[in-house]
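Okay, so here's the structure we're looking at.
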Amino acid sequence: MCGIIGIYNNSNINKQLFYGLNCLQHRGQESCGMSISDGDKLIRRNGMGLVIDVFKPNILEELNGNIGIGHVRYSTAGGSYDYNTQPLLAYTKGEQISLSHNGNLINYQILKARLEEDGMMFQTTIDSEVILYLITRYNKGDIVEAIKETMKRIVGAYSIVVMLKDKLIAVRDPHGIRPLVMGNLENGTIFASENAAIEILGGNFTRDVAPGEIVVVDKDGEHSYMFEHKTKKSHCIFEHVYFARNDATLDDINSYMFRRRSGKILWKEAPCDVDLVVPVPDSGYPSAIGYSQESGIPLAEGLVKNRYMGRTFIKPTQEEREIAVKLKLNPLSHVVKDKRIVLIDDSIVRGTTSRNLIQNLRNAGAKEVHMRITAPPVKYSCYYGIDTPSRKNLIAASMSIDEIRELIGADSLSFISIDGMTQAARIGGENLCKACFDGEYPIDPCLV
Ligand code: SF4
């Protein structure tokens, strides 16, 4: 649960990095950073907080160069501390190297223990530092070979941008679990976790970085290399269920269209006799539109969002998440009073948000509150970079649907089926990771 960006251009890119990172802010709000090269040396500035707070104009002015990478972070491995902010920057063999990573390594602890036995000391508690260390260890003048050697040893989900003083490199793990797209700017190349970062800079999306691909950009242009160990694609479906922006098109799935199709399918699988369809903003909107279109039941805005609050799922503690729900969504009593409503949300992970919302809607006068979820029950932990690490926090792992319904206080509760969700994706279930729903992990999590 991070966002990464990399830009190679022929003029100063500090503002492009700034705007691009702002565009990826929904992917992580704890910390952010940028490294930039003027062709001679790399400078890095990192900090805790939002991009707009960390990169005040005076800080941005310190960063001048035409190659750069950036990162917004939510901690899934390691803690939420300033020493874990990214990009990482290392000095080795007479040169500087910087790296931003989105994903989780399954074999991090094993690799770290081995490196520590070899005398390596770590400055962070994040898996990304192991990747950086391995790349520098194997770099004997050929950075692509060094990355391939690293890829032979690291197991898990990783989308990475790496930079040297004169090169930008993008790498995606052989399963393509976490997203990474690339595009053209007027005089350069851009990589980002989501295409919106390309589009807001006036660039054109060209393609996804392929699973197992290494793309190098330097003064001679773009060069693509494939890591030879072929594996099956396993794109994270949860990106489209919840995490990515509505305007994301990743691995041939547009998140908005996916969500709308999910709503239509959900109506067919779980119809409901109500007066209004009410979305949970923001990612519930497209699905509610689909549910409303397919059913003919009017769509109504029954919850008003405080647009200055962050996303509730990506707050570090349970207590903070509970407060955030209350602050974030306020029921519109003029709309819901005396109405039977179906509330459309994208997922129930811990149940906190749903329970509070339903209670608040009843307090506002709703006669019945039914709930329809456009993801199947989340029953299994994610080991690939989405924050569902412990099964004990997943209510669907230990409770039946009816028990969950009772807990959240809904009149009825249904989830889309795994088949329905897969159908909505339209790229074939064999190309997707759905492990948090079906427990079929594309990479064995036993290495954890
Ligand atoms: Fe995405 Fe779930 Fe797979 Fe994790 S387990 S990568 S959240 S689909």
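Atoms within a ligand are numbered from 1 in the order they appear, just like the ligands themselves.
- Aromatic pair Y441/Y383: ring centres closer than 6.0 Å.
- The residue L432 has no part lying near ligand 1, judged by heavy-atom distances below 4.0 Å.
- Against a heavy-atom cut-off of under 4.0 Å, F238 is close to the following atoms of ligand 1: 1 (Fe), 7 (S).
- Distances from atom 3 (Fe) of ligand 1 show that C433 has an N/O/S atom below 2.8 Å.
- If you check the side chains of N254 and T249, you find a donor sitting under 3.5 Å from an acceptor.
- Residues E199 and N195 bring a donor and an acceptor atom of their side chains to less than 3.5 Å of each other.
- Under the 6.0 Å distance and 45° angle rule, K112 counts as a cation-pi partner of F122.
- There is no side-chain donor-acceptor pair under 3.5 Å between N46 and Q86.
- Close approach to C236 involves these atoms of ligand 1, each under 4.0 Å from a residue heavy atom: 1 (Fe), 6 (S), 7 (S), 8 (S).
- Residue contact annotation: C436 places an N/O/S atom under 2.8 Å from atom 2 (Fe) of ligand 1.
- Within the listing of ligand 1, atoms 6 (S) sit less than 4.0 angstrom from a heavy atom of I177.
- In summary, the side chains of E30 and Y81 do not present any donor paired with an acceptor at a separation below 3.5 Å, with no hydrogens or angles considered.
- Residue I386 approaches ligand 1 through these ligand atoms, each under 4.0 Å from one of its heavy atoms: 7 (S).
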